[in-house]
Student: 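Take a look at this one; I'll ask things after.
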Amino acid sequence: MTRNFHIALFWGATLSAVEALTKPHRGHLSRSMNNKPAAFLRRHVGASTSLRARVREHRYKKSGALAASWQERLRGRILTTVHDAQVRRTAGLIAEALAGVILIYLSVTVMWLNERRNARIESLISIASNQCVSTKKAQPENRGELVHVTGEARSMSPIADGRFRNVVFSANCLRLKTTVEVFQWVQHAHTTEKKDLVGGGTTRTTTYTYTQEWSTHRHDSGSFKQKDKQNKFLVNPGVEEKTCDRVEFGDDFMAPENLVQQLDDYVSAHDHLDSSVTAAVGGVKCVRRGAWFLSGSGSEVGDVRVKFDIVCDGLATVMSLQVANERAGEKETFAPYRMISGRIGKAVRQQRLIAESRKDSIELPGEDDSSWVVLALCCCLPGMRHFVNSCFPSAVAPQIHHMFSGVMSPGKCISVIQAENPIMVWMIRLVSWVGLCAGVTALFSPFVAFVDIMPLLGPLASSLGIGSFLLLCLLVTLIGVLLVLTLAYMPYSPLLATVYLLLAAGIIIASLVTSKRLI
């Protein structure tokens with residue numbers, strides 16, 4: 001191998017020297033080579049028998065081209081290295097395409113769930129605006145109807161905080177919030193990085209500092225770097241909320257706990273308590289000082305301060321589904337108003353609405369599996385939809401089951417409910433759109449690389465530039481978004497779904513016409 005390499009190197013150098021020496025007489029040499037190229041080389045170079053065979057293959061080429069072919073043979077090992085790099089590049093492009101497929105899968109799934117939920121909420125609110133019944137009394141004919149009721153919410157059972165002995169509210173307390181803070185050591189970590197002068201590495205330095213603070217979180221001093229900083233907890237810190245388990249609303253209704261929990265207009269409860277409270281465990285006594293009940297001086301580690309806030313009885317507004325109470329002999333109550341499909345009579349609709357309101361978080365995810373849209377989409381997106389639905393049932397089961405403080409009109413209630421939706425919807429939209437565009441870009445990258453090496457298409461693709469490629473990805477993303485919107489809105493708003501479908505078709509037609517003109 002080494003001997004052949006040196007022979008090839010010798011003949012390459014020799015032929016290059018011959019070309020340089022004969023350059024002034026190129027015309028004469030060309031005429032001589034055209035007549036008898038093999039004889040010319042034997043006379044001027046003295047080539048071997050193996051070289052004569054190579055000269056016969058290139059007898060109509062100049063001697064410089066023959067020398068170049070030898071030099072190319074000497075670069076055989078470099079060509080092998082380029083081949084290895086091409087293999088690695090191909091593997092990278094395949095991995096990028098697979099990542100694009102996964103990203104498209106996830107983005108379309110999240111987009112579908114978000115848009116379907118938004119379509120159902122918009123449809124639900126539209127139906128609620130037309131079917132809502134304003135009343136003050138529990139009428140039998142309104143059972144199974146969305147009702148708007150304004151009345152006084154009254155607590156009918158005591159509510160207490162078990163951590164303190166004398167904190168009990170027997171009346172005028174719908175909700176109780178207790179905030180317990182403990183004065184304690186808090187560790188703070190600050191990390192800095194510095195490049196090493198030798199070796200190219202980095203040195204990471206963490207500095208720990210300690211401060212004494214009031215905190216609702218328990219900071220475990222056992223994990224502190226300085227062991228002399230020790231915390232003690234006579235009462236566990238934290239924020240705890242409790243709701244009265246029996247609340248009457250208006251004259252004829254009982255408000256369920258999940259409705260009362262939506263009231264959050266807290267006021268201080270200190271005027272309803274004694275001048276001091278005592279912890280049930282440990283016997284720590286906290287005396288009222290301003291807005292807090294405080295133990296000790298308030299400057300020693302382990303001191304406790306407590307604050308009590310309540311939601312008092314008062315006027316409220318409910319918009320929810322009127323249903324019969326499960327407890328015999330009790331007043332009417334409320335349940336979530338949810339979407340049902342089909343145009344049916346009033347009696348059947350009321351029964352179905354009541355049945356839908358009683359579904360729990362396990363039954364809700366499969367509520368529209370019979371829809372042809374969901375069946376078609378699940379063929380493309382198996383598993384992911386059921387996973388998301390099982391983990392976040394509230395995200396795919398929109399409902400109207402609201403309680404507001406004070407007196408509100410039906411229109412105002414609808415406006416407040418509608419305002420809860422757009423922020424989260426648009427956040428999820430932006431994330432899914434960006435993910436879909438990134439997935440499409442990654443999926444198309446191998447095709448662009450393949451076209452780039454084609455003899456005729458490569459120069460054309462290079463002339464179009466990266467801008468055209470990104471524009472193509474954006475168009476595909478936009479078409480995909482419009483198609484998902486079409487599928488999501490079709491069962492609930494066919495007119496809007498048709499508009500989305502026509503927009504997608506228009507973009508496709510316009511793109512095809514424009515591409516034909518460019519070609």
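Just so you know, residue 1 is the first one in the sequence shown, and it goes up from there.
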Student: Do the side chain of Ser295 and the main chain of Val284 share a donor and acceptor less than 3.5 angstrom apart?
Tutor: no
Student: Would you call Arg246 and Glu330 a salt bridge, using N to O less than 4.0 angstrom?
Tutor: yes
Student: Is it true that a side-chain atom of Ser126 and a backbone atom of Glu122 form a donor plus acceptor pair closer than 3.5 Å?
Tutor: no
Student: Rounded to the nearest 0.5 Å, how far does CD1 of Ile417 lie from NE2 of His401?
Tutor: 11.5 Å
Student: Can a side-chain donor-acceptor contact be found between Glu213 and Thr211 if the only test is distance below 3.5 angstrom?
Tutor: yes
Student: Give the minimum heavy-atom separation between Gln399 and Leu124, together with the two atoms involved.
Tutor: CA-CD2, 3.7 Å
Student: Which residues pass the ring-ring contact (aromatic ring centres under 6.0 Å, His included) test with Tyr337, not counting sequence neighbours?
Tutor: none
Student: Can you see which heavy atom on Thr477 is nearest to which on Cys437, and at what distance?
Tutor: OG1-CA, 3.3 Å
Student: For residues Phe293 and Phe164, establish whether the separation of their ring centroids is below 6.0 Å.
Tutor: no
Student: Within the distance-only criterion (no hydrogens, no angle test), does the side chain of Ser221 pair as donor or acceptor with the backbone N or O of Phe224 below 3.5 angstrom?
Tutor: no
Student: Going by distance alone, is a donor N or O of one side chain under 3.5 Å from an acceptor N or O of the other, for Asp313 and Ser155?
Tutor: yes
Student: Can you name the closest pair of heavy atoms from Cys173 and Cys244 and give their distance?
Tutor: O-CB, 3.9 Å
Student: Applying side-chain hydrogen bond (donor to acceptor under 3.5 Å, both in side chains) to Ser432 and Ser107, what does each step give before you reach the verdict?
Tutor: CA-CA 5 Å; Ser432 59; Ser107 300; over 6 Å; no
Student: Compare every heavy atom of Cys286 with every heavy atom of Val304, then report the nearest pair and how far apart it is.
Tutor: O-SG, 4.2 Å
Student: Is any NZ, NE, NH1 or NH2 atom of the basic residue among Lys177 and Glu241 found under 4.0 Å from an Asp or Glu carboxylate oxygen of the other?
Tutor: no
Student: Under a plain distance cut-off of 3.5 Å, with no hydrogens placed, do Thr209 and His190 share a side-chain donor-acceptor pair?
Tutor: no
Student: What are the two closest non-hydrogen atoms of Ser129 and Ile414, and how far apart are they?
Tutor: OG-CG2, 3.9 Å
Student: Are any side-chain N or O atoms of Arg338 and backbone N or O atoms of Glu356, one a donor and one an acceptor, separated by less than 3.5 Å?
Tutor: yes
Student: Can a salt bridge be assigned to the pair Arg429 and Glu115 using a cut-off of 4.0 Å between side-chain N and carboxylate O?
Tutor: yes
Student: Could you point out which residue of Lys137, Lys136, Gln322 forms a side-chain contact (heavy atoms from CB on, under 4.5 Å) with Phe253?
Tutor: Gln322
Student: Please list all pairs passing the salt bridge (charged side-chain N to carboxylate O under 4.0 Å, His left out) test where one or both residues lie in residues 259-270, with sequence neighbours left out.
Tutor: none
Student: Keeping the roles fixed (side chain from Arg116, backbone from Leu485), state whether a donor-acceptor pair exists under 3.5 Å.
Tutor: no
Student: Sub-3.5 Å donor-acceptor pair from the side chain of Gln184 to the main-chain atoms of His219, do we have one?
Tutor: yes
Student: What orientation do Phe308 and His270 show, parallel under 30°, tilted 30 to 60°, or perpendicular over 60°?
Tutor: perpendicular
Student: Return the minimal non-hydrogen interatomic distance between Ala255 and Val260, and the atom names on each side.
Tutor: CB-CG2, 3.9 Å
Student: Holding to side chain to side chain contact (heavy atoms under 4.5 Å, CB included), I want the full list of residues that pass it with Val267, two or more places apart in sequence or in another chain.
Tutor: Ile310, Cys312
Student: Between Met408 and Val416, is a side chain to side chain contact (heavy atoms under 4.5 Å, CB included) present by the stated rule, with each step listed?
Tutor: CA-CA 10 Å; Met408 296 178 63; Val416 174; 3.7 Å; yes
